[in-house]
Protein chains: 2
Amino acid sequence: MRGIARLAKELGISTGTVSRALNGKPDVNADTRQRVLDAARRIGYAPNQAARSLAQGQTSAVGFMVDLERESATSSDNFFMGVFDGVQSVLTEFGMDLLVMPCPSGQDHYSYLERFATRGVFDAVILASMQYNDRRVGLLQAANIPFVALGRSSMHSDYAWIDLDFVTSMVTAMERLVGLGHRRIAITCPKGDFNFGHIFLDTYKQELARYNISYDENLVYYVSRTEVSGYDVVDDLLKNDDPPTAILLIYELAAIGVYRRLREAGLEPGKDMAVIGFRDDPAIQFLEPSLTCFELELGGLGRKLGEAVLAQIPRFQNHFPDSHIEIIQPMELRPGDSDAFPPGIDQKIIRSS
Amino acid sequence: MRGIARLAKELGISTGTVSRALNGKPDVNADTRQRVLDAARRIGYAPNQAARSLAQGQTSAVGFMVDLERESATSSDNFFMGVFDGVQSVLTEFGMDLLVMPCPSGQDHYSYLERFATRGVFDAVILASMQYNDRRVGLLQAANIPFVALGRSSMHSDYAWIDLDFVTSMVTAMERLVGLGHRRIAITCPKGDFNFGHIFLDTYKQELARYNISYDENLVYYVSRTEVSGYDVVDDLLKNDDPPTAILLIYELAAIGVYRRLREAGLEPGKDMAVIGFRDDPAIQFLEPSLTCFELELGGLGRKLGEAVLAQIPRFQNHFPDSHIEIIQPMELRPGDSDAFPPGIDQKIIRSS
DNA sequence: ACAGCTACCGTAAGCGTTTACGATGCTATA
DNA sequence: TATAGCATCGTAAACGCTTACGGTAGCTGT
């Protein structure tokens with residue numbers, strides 16, 4: 001005999017009472033409860049999670065799906081680790097646990113999620129790395145599985161999401177650059193069909209229009225999340241007949257490569273070319289000149305995600321009455337010296353390189 | 001009626017047969033199996049994992065515990081993401097899934113693991129960030145839960161582990177430095193009671209002895225995993241009456257801060273002070289001069305971990321007969337220019353700074 | 001003395017699968 | 001034709017827990 005039955009037998013009481021005692025249910029005498037608790041600790045009893053889940057119809061776990069293809073081979077990223085921490089801090093308050101589903105790099109997004117989600121492993125899930133048309137949203141909606149997305153899918157509606165405010169960041173960045181006199185502004189977008197890439201580029205175009213700057217597709221690059229990408233982009237840019245005086249980096253890490261290539265060409269970042277990165281990464285804090293970028297507090301973002309996902313679970317409706325969550329998470333400008341210099345008379349003529 | 005029962009009813013067969021058909025068991029007619037499979041797909045049936053786990057007494061999941069306290073707030077680290085990928089690739093071949101337990105930064109290591117492990121959520125677990133005396137080993141041993149450790153606990157025995165070869169790396173590093181003429185060699189060790197920190201320092205002392213260099217505790221620093229730590233260490237080192245001509249960095253990221261502080265003092269890394277880092281990180285690939293460090297193939301390490309953990313699970317003994325796993329994973333020297341210059345006549349006199 | 005309460009506890013039916021065991025009908029063999 | 005063997009399937013117990021329901025005992029107030 002194992003588990004709760006053994007406890008019950010040893011104490012000479014029924015399994016029902018043991019269960020009630022263990023779970024803090026009201027209908028149990030204080031003495032009895034203490035005896036049960038003591039005995040449980042003594043023999044090292046812990047309830048079987050599978051049995052609990054089956055009996056209760058809930059798992060007390062939420063799954064966070066991350067895409068290794070995007071995060072692993074790429075360069076440094078403590079982004080998710082920071083977010084996990086925030087999510088956890090909220091979930092534990094409500095007796096929930098966070099478990100991470102790392103989708104292998106070769107695997108298909110959709111089928112990977114399907115395996116876990118439809119088997120009732122999680123009470124709810126958190127999605128990340130959202131694509132422009134992310135079928136996972138439809139999957140979860142159809143299966144009626146509570147979820148929240150970190151990012152958005154443009155082809156779906158009626159789901160909870162929290163997205164980073166790339167729009168305002170872009171507006172701010174463009175305002176700074178144009179204010180400094182820049183008219184030729186290059187941009188790097190994420191490679192792959194990520195939704196935030198579209199937002200990023202669309203807002204860029206919109207701001208160009210606002211300032212009556214014509215859109216030049218030769219200034220648009222699609223890059224992966226490595227510092228090398230910055231190097232290659234600048235390398236290509238230097239061959240341009242009319243090179244830009246500024247560059248916007250969706251992946252701030254690319255600044256490292258940008259700086260490097262510029263200096264190889266005898267140019268100085270921030271002076272000969274303005275550089276602005278989106279999101280700060282610990283790895284770029286040492287850059288000289290300091291990179292102008294946008295700060296994001298990962299723990300706070302994680303906590304919002306945690307609350308959002310709980311709000312999707314029916315039994316938490318009393319705590320989180322509003323499950324309709326659409327949050328645009330602001331990012332705060334952290335001015336650096338990488339865009340401090342206007343394109344002036346002493347700027348080296350990079351078009352002649 | 002739900003689940004398998006519904007399927008059975010619709011097809012006019014028993015739940016037993018449905019289960020057998022779904023699970024590829026032999027005792028079922030090919031036609032019947034196809035009918036079951038079709039029906040399952042049609043109504044979008046997926047087996048309930050809790051019920052399966054309960055009935056089978058296994059969960060088909062292995063848990064990988066990571067410590068956010070160590071990984072999150074710290075600077076860049078794609079280490080785990082890379083390892084996850086490797087582990088997965090092995091596990092999926094055997095129908096197992098990887099789930100990550102991110103231990104929150106405030107939480108106690110031990111009790112966090114206890115909650116998951118003893119509840120039968122995982123068939124086996126992988127431990128990381130091993131401490132000198134890591135009580136988690138005892139916990140898992142006592143509960144008879146299969147596991148493998150990435151790293152070692154010095155106070156335990158008879159468990160499977162894979163550790164990085166910091167010994168050979170240290171020997172190699174010291175050989176290089178001493179060969180170049182260095183006699184004053186500083187070292188940074190991990191802050192916290194991590195086992196590899198002890199190995200690192202012990203081997204350092206051992207090598208000093210081999211070369212008849214006296215041990216100077218003023219050259220030993222305990223640091224966290226941030227680039228800032230490198231800055232602070234050098235800052236302190238420069239005040240030393242007899243400053244070192246070389247420094248060994250357990251966290252390669254610290255090289256960034258080291259370079260920065262050296263240059264602020266008008267010194268050149270690799271020329272005025274040799275720098276060697278352990279483990280390569282994508283974030284330091286851009287460093288100039290290139291950092292001498294030790295390469296580690298994360299995917300391969302992950303795959304070994306995956307095989308090791310499967311070997312601990314009884315039902316895989318036919319595939320992995322040897323569960324006694326004690327692997328020292330080599331790291332390959334990647335020579336850079338950061339330790340190319342011997343301390344020579346043209347070296348700046350840093351003791352006077 | 002009796003109804004009505006409360007506090008506490010036991011009983012047993014689930015939860016959705018898996019799987020040992022036995023039953024059935026059919027084929028092949030003697 | 002009898003029988004063994006095989007392919008196929010149904011039956012039902014088991015996995016370990018939760019929880020609705022009912023029962024008992026003691027206590028209250030009239």
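Letters A, B, ... mirror the listed sequences (proteins, then strands); counts begin at 1.
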### Message
In this structure, how many angstroms lie between the P atom of dC9(D) and the CG atom of L11(B), rounded?
### Response
11 Å
### Task
In whole angstrom, give the distance that lies between atom CD of Q49(A) and atom P of dC15(D).
19 Å
### Query
Would you say S14(B) reaches dG10(D)'s phosphate, i.e. side-chain N/O to OP1/OP2 under 4.0 Å?
yes
### Task
Mind calculating the distance between CZ (R119(A)) and C1' (dT17(C)) to the nearest angstrom?
12 Å
### Query
How would you label the contact of G3(B) with the nucleic acid (heavy atoms, under 4.0 Å): base, sugar-phosphate, or nothing?
sugar-phosphate
### Task
Write down the distance between NZ (K9(A)) and P (dG10(C)), rounded to a whole number of angstrom.
16 Å
### Query
Taking only N and O in the side chain of S19(A), is any of them less than 4.0 Å away from OP1 or OP2 of dT18(D)?
yes
### Distance (rounded to the nearest 0.5 Å) between L91(B) CG and S60(B) OG
11.0 Å
#### Entry: Position toward the 5' end of DNA chain D (nearest nucleotide), G16(B) or L54(B)
G16(B)
### Message
Can you tell whether the side chains of D134(B) and R136(B) come within less than 4.0 Å, N to carboxylate O?
### Response
yes
#### Entry: E297(B)/R303(B) salt bridge by N-O under 4.0 Å criterion
yes
### Message
In this structure, how many angstroms lie between the C1' atom of dG16(D) and the CZ atom of R52(B), rounded?
### Response
18 Å
### Task
Ignoring backbone atoms, establish whether R2(A) has a side-chain N or O less than 4.0 Å from OP1 or OP2 of dG16(D).
yes
## Note on the structure
Taking for I13(A) and for N48(B) the nucleotide of DNA chain C with the nearest heavy atom, the one nearer the 5' end belongs to I13(A)
### Query
If you measure from CG on L99(A) to CG on L98(B), what distance do you get to the nearest 0.5 Å?
9.5 Å
### Task
Look up atom CD in Q88(A) and atom CG in D97(A), then write down how far apart they are to the nearest 0.5 Å.
6.5 Å
### Query
Has R20(A) got a side-chain N or O lying under 4.0 Å from the OP1 or OP2 atom of dT18(D)?
no
### Query
In residues 24-41 of chain B, what residues come within less than 4.0 Å of DNA chain C, judged by heavy atoms?
K25(B)
### Message
Is the ring pair F320(A)/F94(A) parallel, tilted or perpendicular, if the boundaries are 30 and 60 degrees?
### Response
tilted
### Message
Within this structure, what is the CG-CG distance for the pair L301(A) and L164(A), rounded to the nearest 0.5 Å?
### Response
6.0 Å
